[in-house]
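Here the structure comes first, spelled out in structure tokens, and everything after it is commentary.
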Amino acid sequence: MQITAEKIDDFLLGIVGKKIEGANEQFRITKRKLSQEQFEWSMLSNPEKSDMHTKREHILKKYDRYGKDFWNTWPSCFDPGCGDGEFLAVWQEKLQEADCPEQEIAKRIFWADPELANVMLTAQRLGISIDNGFSYQVGKVEETHVNKRGDVKTRKVDITQKSFEEGMFRMAFDINKVHVIGNLPFTYGKGNAPVAIPVLTHILSLGNPQTINLVNDAGFLTSSSGKDFRELLKKHGWKYVGYNPQDLFDAGGATVHTVDLFCEQGNDGNIEIKSITGETFTVSRDVNYIVDGGSKELTEFLYSLLDKVAEHGCLLNRQETVGWKAGQRHGVSFEDKTKLSNTPKQDFFPFLYSRNNGIHDIKYVHKSMVENSKDHNCWRVVFGYLPGGSDPFGRSIGVVTILEPGVYLPNDPYRYFVASNKEHAISIQKYITSNIIEKWVLPKTRTNRTFDAKTPDGVTKFIPALPKGVTIENDDDVFDFLETPEHIREAVRARF
């Protein structure tokens, strides 16, 4: 199907009924892409701003879950992040192999994408009417409103779901009879997918698709903010999670942690897990988080840690403030030198300025620059605090600093653990830097293995607090505290 410049103009003007930032530039980009006589399909999606190209061999493996007889039913599909159209092209070929006439195929394939160019090019690639696809906006736009005082104000409003809803209104298919497929957009190419959740949430608000067969970022499986999304998938027949290698999108210019998701209408059984190790096992659909221990018994051990968390509480006490600047290698930096002193003075508090070879250099900083916390009179083990002279690359989970009572922390995002005394602080430090926690529990329960102070979901729920009186010297002490059976201990050690 040849798409002329006139058709491009008509399409763009028809779907955009209001001014949106950057729209004119997007039109020019779309027309330029469509005007090319030749193009490379794998280069259509921008790996920094849209979704990643999923390799055909991976798509074929995902479609194997349907079985051969499935295609003889001439099923319909909808891809809400079509990208270069690869998922749809394979679906089209499967229907052709099942002797589905072209006019019937055109009634069974639908798509959408944040990029107008991808919507147009997918239509051209498949030879199907552009009316089977739509584009939606991602991100925020400025909106004016009148507050209670009658003042006209401006604010930024997220329009992703609203824009997607407007596009879906034009689609001529019943969501209950189609299969939702594809690779939802990974905005910014960092594995975070703020597009995916609102888009899929709206799709599922319209009905219950026959199946949901998607590639999605893995972060929502273990994050607190992903709970509602996980429950939504369960409601719609969540059946399978398959962990993908981190280089799944290597050819597209980014490496992100992803999983294959599969939901089947009416399914209410256990969730099948295909581990990154290749082993397959099931977990109860009643679990809150989805984690991969590498085997059934090791995954069950991770879930057993939640029982310890229920008994002793979660280890991490998260504090979040703003205003401090810290460099990874150069420690704390001040823009106003008058707020730093080498000697005590009025309204200046002691804080750890640097650490060299275990020796703490205490300086004094103005009260406006330090934390507002009652815990400054406690022994604490601190993460995410990089005083000058310390080596942030010495441990994969960050610098571990013990602060004595009376020493303050900077007014910036950080993490700390409160201890009852010096001995307790030392045990906490050895506990969180043990092989069990650092090399196994953290990597298995977080997509980012660090206690990142600026990550909203930085609090891992799988590390129980260490009670006063429990002494930790080595890995065996950690296993004893966690009451780990011997066969599990050996299995965990083998994964270090």
Side-chain angles (χ1 to χ4, degrees), residues 147 149 151 153 155-156 313-395 397-433 450-460 465-466 468:
N147 63 17
R149 297 179 180 178
D151 300 325
K153 299 288 185 179
R155 61 187 174 191
K156 287 193 173 182
C314 190
L315 175 69
L316 200 56
N317 175 22
R318 182 170 190 263
Q319 304 292 324
E320 184 173 4
T321 54
V322 295
W324 196 273
K325 293 184 178 180
Q328 280 195 324
R329 287 193 176 277
H330 303 293
V332 175
S333 62
F334 288 91
E335 294 181 357
D336 186 354
K337 299 294 184 182
T338 64
K339 293 187 177 182
L340 181 67
S341 173
N342 291 321
T343 58
K345 54 193 302 186
Q346 187 175 359
D347 291 333
F348 278 64
F349 295 158
F351 84 112
L352 179 60
Y353 179 74
S354 66
R355 186 187 68 172
N356 287 287
N357 298 320
I359 300 175
H360 289 185
D361 180 12
I362 302 296
K363 291 187 183 294
Y364 299 84
V365 66
H366 190 265
K367 63 182 181 181
S368 64
M369 303 289 284
V370 297
E371 62 180 320
N372 180 18
S373 171
K374 61 183 180 180
D375 293 330
H376 70 271
N377 285 319
C378 303
W379 282 94
R380 292 183 287 179
V381 181
V382 181
F383 270 72
Y385 178 30
L386 306 178
S390 60
D391 179 11
F393 305 102
R395 289 191 180 275
I397 54 176
V399 175
V400 187
T401 303
I402 294 179
L403 291 188
E404 60 268 27
V407 177
Y408 286 75
L409 283 168
N411 185 27
D412 193 37
Y414 57 86
R415 305 267 193 265
Y416 65 79
F417 315 116
V418 176
S420 57
N421 52 42
K422 183 177 181 179
E423 290 71 26
H424 189 204
I426 293 172
S427 285
I428 291 176
Q429 185 184 54
K430 291 181 178 180
Y431 172 53
I432 59 182
T433 58
T450 67
F451 286 131
D452 184 353
K454 295 182 180 180
T455 301
D457 289 311
V459 180
T460 177
L466 189 71
K468 177 184 177 181

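For the numbers below, each heavy atom of this structure counts, side chains included, while hydrogens, waters and symmetry mates do not. It should be emphasised that the depicted structure is a prediction, and the values quoted were computed from it without experimental measurement.
- No side-chain heavy atom of Q429 sits less than 4.5 Å from a side-chain heavy atom of T401.
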Side chain to side chain contact (heavy atoms under 4.5 Å, CB included) between S341 and K363, intermediate numbers included: CA-CA 6 Å; S341 173; K363 291 187 183 294; over 6 Å; no
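- With hydrogens and angles disregarded, a donor-acceptor distance shorter than 3.5 Å links the side chain of R380 to the backbone of V407.
- Listed by first then second residue, pairs satisfying salt bridge (charged side-chain N to carboxylate O under 4.0 Å, His left out) with a partner in residues 420-429 number zero, not counting sequence neighbours.
- Between A419 and C378, the shortest heavy-atom contact is O-CB, 4.4 Å.
- In this view, N147 satisfies the side-chain hydrogen bond (donor to acceptor under 3.5 Å, both in side chains) rule with no residue, not counting sequence neighbours.
- The shortest distance between side-chain heavy atoms of E404 and W379 falls below 4.5 Å.
- The heavy-atom pair separating F417 from I432 by the smallest distance is CE1-CD1, 3.1 Å.
- H424 and L466 make their closest contact through NE2-O, 2.8 Å (heavy atoms, listed as atom of the first residue, atom of the second, distance).
- The nearest pair of heavy atoms linking F348 to Y364 is CD2-O, 3.7 Å.
- Applying side-chain contact (heavy atoms from CB on, under 4.5 Å) to I428 and the options V381, I402, T433 leaves one that passes, V381.
- Residues F351 and I362 form no side-chain contact, since every pair of their non-hydrogen atoms from C-beta on lies 4.5 Å or further apart.
- The nearest pair of heavy atoms linking N377 to P405 is O-CB, 3.4 Å.
- We find the NE2-OG1 distance between H366 and T338 to be 8.5 Å, quoted to the nearest 0.5 Å.
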